[in-house]
Amino acid sequence: MSATKDLFIYNTLSKKKEKFEPITEGFVGMYVCGPTVYSDVHLGNVRTFTSFDIMYRYLLHLGYKVRYVRNITDVGHLLDDGEDRISRGARLDQLEPMEVVQKYTNSFHQMMDIFNTKKPSIEPRATQHIIEQIEMVQQIIDNGYAYERNGSVYFDTQKFHQEKKCYGKLSGRVIDELLSETRGDLKNQGEKNCPSDFAIWMKAAPDHLMKWNSPWSVGFPGWHLECSVMSTKYLGETFDIHGGGNDLKFPHHENEVAQNVGACNCEPANYWLHTNMLLMNGKKMSKSDGNTITPDELFTGDSPHVSKGYSPMVVKFFMLQSHYSSTLDLTDEALQASEKGYKRLMEAIKTLSTLSAKSEGNALDKEINDAVDMLDKHMCDDFNTPRAIASLFDIVSKINSLKEGHLDIRQVSAETMERLQKSFPSFIHDVLGLEDDILSGGNNDKLDGVMDLVLQLRQDARANKNWDIADKIRDGLAKHQIVVKDGKEGTTWTLN
RNA sequence: GGUCGCGUGGCCGAGUGGCUAGGCAGAGGUCUGCAAAACCUUGUACACCAGUUCGAAUCUGGUCGCGACCUCCA
């Protein structure tokens, strides 16, 4: 694959689909806002990071050299009452703050592995960049866009907007409306010049657990600052792609842009991508209001929201059947549908590997090649995984028809077959990051041996028209989730 | 209240100014000892009301409903 294909992506900044043109030909810098590690990840995080993983994989597939930075937020994220999320986690679990961070970072990584996502190139932590954050606060002060009050430092949104005219550009906010809003119950509201101003350095209360020395106070950095700092450090003042969940658009990303422009006088990213929310029961899946199911509950089926467990790859496949920019409603029925479709897809990979074309014939070549071409065409259209998957199923039908003899394999040239056998599994495994995690027949030598024997005995019974024995074997195996299928070219079996 | 988005057939979910999305489920058929799987065919659709247009589910306006953000959230 080459980087010559035109990729179009929807840019939140322009609210349009734009042709992707990297700053440096052949290279992509991508920053994605990672999780705050104060508790276990939930499915919404998984959807977001899976979506960006697909983009990362596809950029690699196109031949780009990608530096993918995804941070870990381990400080500075305030709750309603002003308490740091990590500190609260530490207090509740009776752990050191860094123990909390390590614990949930580990479980986050584990879950990302379970969903078969690639690791980012760099995974910086906010607390490892306190010095840089202090430097950026100073830069913003020096440029006149921040002011110090009682040891805290606030970003001056009004002055910034008057001079730069860009506050609100990303999220579509109108600053005058923000100004009129009062949030009297917010901490330190009284210190700000203006309600829309936000803290970039916070003076810590004496009992605050995570705090550092700074020119202004012993305190901690504002939440939005870490991303501004770490993206700049690892990707430069302006880089290609910045991503995150829709719910971060405002205030997080808007403020991030303001900080970068305020410090460096240039916009941080050329393309802003936002993934949409995962819903359950038609509402945003959210830990804070209890409308949630954990990944583990989904895998085991131990939840009132599902009738059974679903494997991680089925869940991932379910997610990829919708576009990243659309909301997705998680329902048991939809998961069941995805599970069946997913099995069919995985079966087709196996079937394809058994096909061989030796002829020169070409009646089917164009159809097959066109279908394969569609995979890239759809991915280049703003990473349209649902359409790409639809094309995959077009190919599945072809594969099965060839196997069953409904399509004549002599009409497929060896060259086309080779391309199909290479690109079909490769797209599923390398681009979509799907692996076969439910059909395990074939990777256990002992079971394979036993099954060979059992099916041979059954075949003997069938040859003698001893249907009772044959059916007894089949029914007995079914009780152990082994499904026997009698095909034209012999009997196969799969684990359910 | 402000801003934005959405409303597609039984379910999930794409897309487009005129041509089948796809998956699952339903119906009929082929295959099979039967079954499963697979394949073929097939029905049900674009919230409502106007307007623009030769033509709109797709564009515009209004109505209703839903959601997100505005406050920690992917």
Side-chain angles (χ1 to χ4, degrees), chain A residues 15 32-36 38 41-52 77-85 88 168 171-174 177-178 180-181 183 185-186 196 223 243-252 274-279 282-289 317-318 321-323 325-345 347-348 351 378 381 384-394 396-407 462 465-467 470-471 474-475 478 483-488 491-494:
Chain A
K15 306 204 190 316
V32 172
C33 290
T36 304
Y38 65 100
V41 281
H42 72 119
L43 271 175
N45 298 64
V46 171
R47 185 190 187 202
T48 292
F49 301 130
T50 298
S51 297
F52 286 110
H77 215 152
L78 297 185
L79 296 162
D80 287 342
D81 60 3
E83 187 176 10
D84 187 295
R85 277 174 182 261
R88 184 169 82 162
S171 62
R173 302 290 138 158
V174 179
E177 286 165 5
L178 292 171
S180 63
E181 283 170 28
R183 300 250 179 268
D185 54 343
L186 277 189
S196 60
W223 170 38
N246 225 344
D247 48 355
L248 296 182
K249 227 187 259 178
F250 190 88
H252 182 59
H274 289 96
T275 57
N276 217 321
M277 297 296 103
L278 182 64
L279 310 181
K283 302 237 173 179
K284 182 171 133 176
M285 193 179 282
S286 165
K287 269 188 284 201
S288 46
D289 60 18
F317 179 72
F318 162 73
Q321 278 184 296
S322 74
H323 193 251
S325 66
S326 300
T327 54
L328 171 62
D329 201 358
L330 183 98
T331 65
D332 190 54
E333 223 179 342
L335 284 165
Q336 286 192 28
S338 290
E339 182 174 64
K340 291 193 176 173
Y342 176 72
K343 282 184 181 174
R344 205 168 139 230
L345 193 61
E347 276 298 315
T351 304
H378 291 138
D381 181 15
N384 197 323
T385 53
R387 294 211 88 182
I389 287 172
S391 294
L392 285 177
F393 279 104
D394 288 342
V396 169
S397 295
K398 296 257 184 311
I399 291 170
N400 287 330
S401 292
L402 287 168
K403 179 200 170 201
E404 296 291 322
H406 296 132
L407 287 176
R462 293 180 73 213
K465 297 198 192 300
N466 192 340
W467 309 128
D471 291 351
R474 184 173 64 196
D475 295 346
V483 181
V484 172
K485 299 174 199 168
D486 297 323
K488 274 205 180 101
T491 299
T492 58
W493 59 279
T494 55

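All chains are named by letter (A, B, ...) in the order of the sequence lines, taking the proteins before the strands, and each is independently numbered beginning at 1.
- Within the nucleic acid shown, Ser401(A) comes within 4.0 Å of sugar-phosphate atoms alone, with no base atom in reach, counting heavy atoms only.
- Using a 4.5 Å heavy-atom cutoff, the side chains of Ser397(A) and Arg344(A) are in contact.
- The side chain of Ala390(A) lies closest to A21(B) when the candidates are A21(B), A74(B), A36(B).
- Here Ala337(A) lies in heavy-atom contact (under 4.0 Å) with a base.
- Side-chain N/O atoms of Asn276(A) and base N/O atoms of G5(B) include no donor-acceptor pair closer than 3.5 Å.
- Using a 4.5 Å heavy-atom threshold, the side chains of Thr491(A) and Arg462(A) count as touching.
- Applying the Watson-Crick and G-U wobble criteria (two distances, each under 3.5 Å), C11(B) pairs with G23(B).
- In this structure, Phe393(A) does not count as stacked on the base of G23(B) under the 5.5 Å centre distance and 30° plane angle limits.
- The side chain of Arg462(A) has C34(B) as its nearest neighbour among C34(B), C12(B), C72(B).
- Checking U3(B) for Watson-Crick or G-U wobble geometry (two distances, each under 3.5 Å) identifies A68(B) as its partner.
- For the C1' atoms, the distance from G7(B) to U58(B) is 14 Å, rounded to whole Å.
- One N or O donor and one acceptor, one from the side chain of Asp486(A) and one from the base of C34(B), sit under 3.5 Å apart.
- Between the side chains of Asn400(A) and Lys403(A), not a single donor N or O lies within less than 3.5 Å of an accepting N or O.
- A50(B): Watson-Crick or G-U partner is U60(B), with both key distances under 3.5 Å.
- Across the strands present, U16(B) finds no partner; the criterion is a Watson-Crick or G-U wobble pair with both atom distances under 3.5 angstrom.
- Between A38(B), C11(B), A74(B), one nucleotide has an atom nearer to the side chain of Leu278(A) than all others, and that is A74(B).
- Scanning atom types as modelled, one donor and one acceptor separated by under 3.5 angstrom connect the side chain of Arg474(A) and the base of A35(B).
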Test side-chain contact (heavy atoms from CB on, under 4.5 Å) on Asn276(A) and Arg47(A); report intermediate values, then the result.
CA-CA 9 Å; Asn276(A) 217 321; Arg47(A) 185 190 187 202; 4.2 Å; yes

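- Within 4.0 Å of Ser326(A), counting heavy atoms only, lie sugar-phosphate atoms of the nucleic acid but no base atom.
- Pairing partner, U32(B): none, since no Watson-Crick or wobble contact has both distances short of 3.5 Å.
- The side chain of Asn384(A) lies closest to G15(B), out of C70(B), G15(B), A74(B).
- In this structure, a donor-acceptor pair under 3.5 Å is absent between the side chains of Asp381(A) and His378(A).
- Taking the nucleotide of RNA chain B with the nearest heavy atom to each of Asp329(A) and His406(A), the more 5' of the two is matched to Asp329(A).
- Separating the P atom of C59(B) from that of G1(B) is a span of 26 Å, rounded to the nearest Å.
- If you take atom P in U41(B) and the same atom in U52(B), they sit 41 Å apart, rounded to whole Å.
- At least one side-chain heavy atom of Thr494(A) sits under 4.5 Å from a side-chain heavy atom of Glu347(A).
- For Gln321(A) and Ser391(A), each mapped to the nucleotide of RNA chain B holding its nearest heavy atom, the one lying further toward the 5' end belongs to Gln321(A).
- Using C1' as the reference atom, G61(B) and G18(B) are 23 Å apart when rounded to the nearest Å.
- No donor-acceptor contact under 3.5 Å links the side chain of Arg173(A) to the base of C70(B).
- The gap from the P atom of A21(B) to that of G17(B) amounts to 15 Å, rounded to the nearest Å.
- Aromatic ring pairs are classed by plane angle as parallel below 30°, tilted from 30° to 60° and perpendicular above 60°; the pair Phe317(A) and Tyr342(A) is tilted.
- Contacts of Val484(A) with the nucleic acid, taken as non-hydrogen atoms under 4.0 Å apart, include base atoms.
- Residue Lys284(A) has its side chain nearest to A74(B) when only A74(B), C34(B), C39(B) are considered.
- Checked against A74(B), G33(B), C12(B), the side chain of Trp467(A) finds its nearest nucleotide in G33(B).
- Rounded to the nearest Å, the gap between the C1' atom of A45(B) and that of C40(B) is 24 Å.
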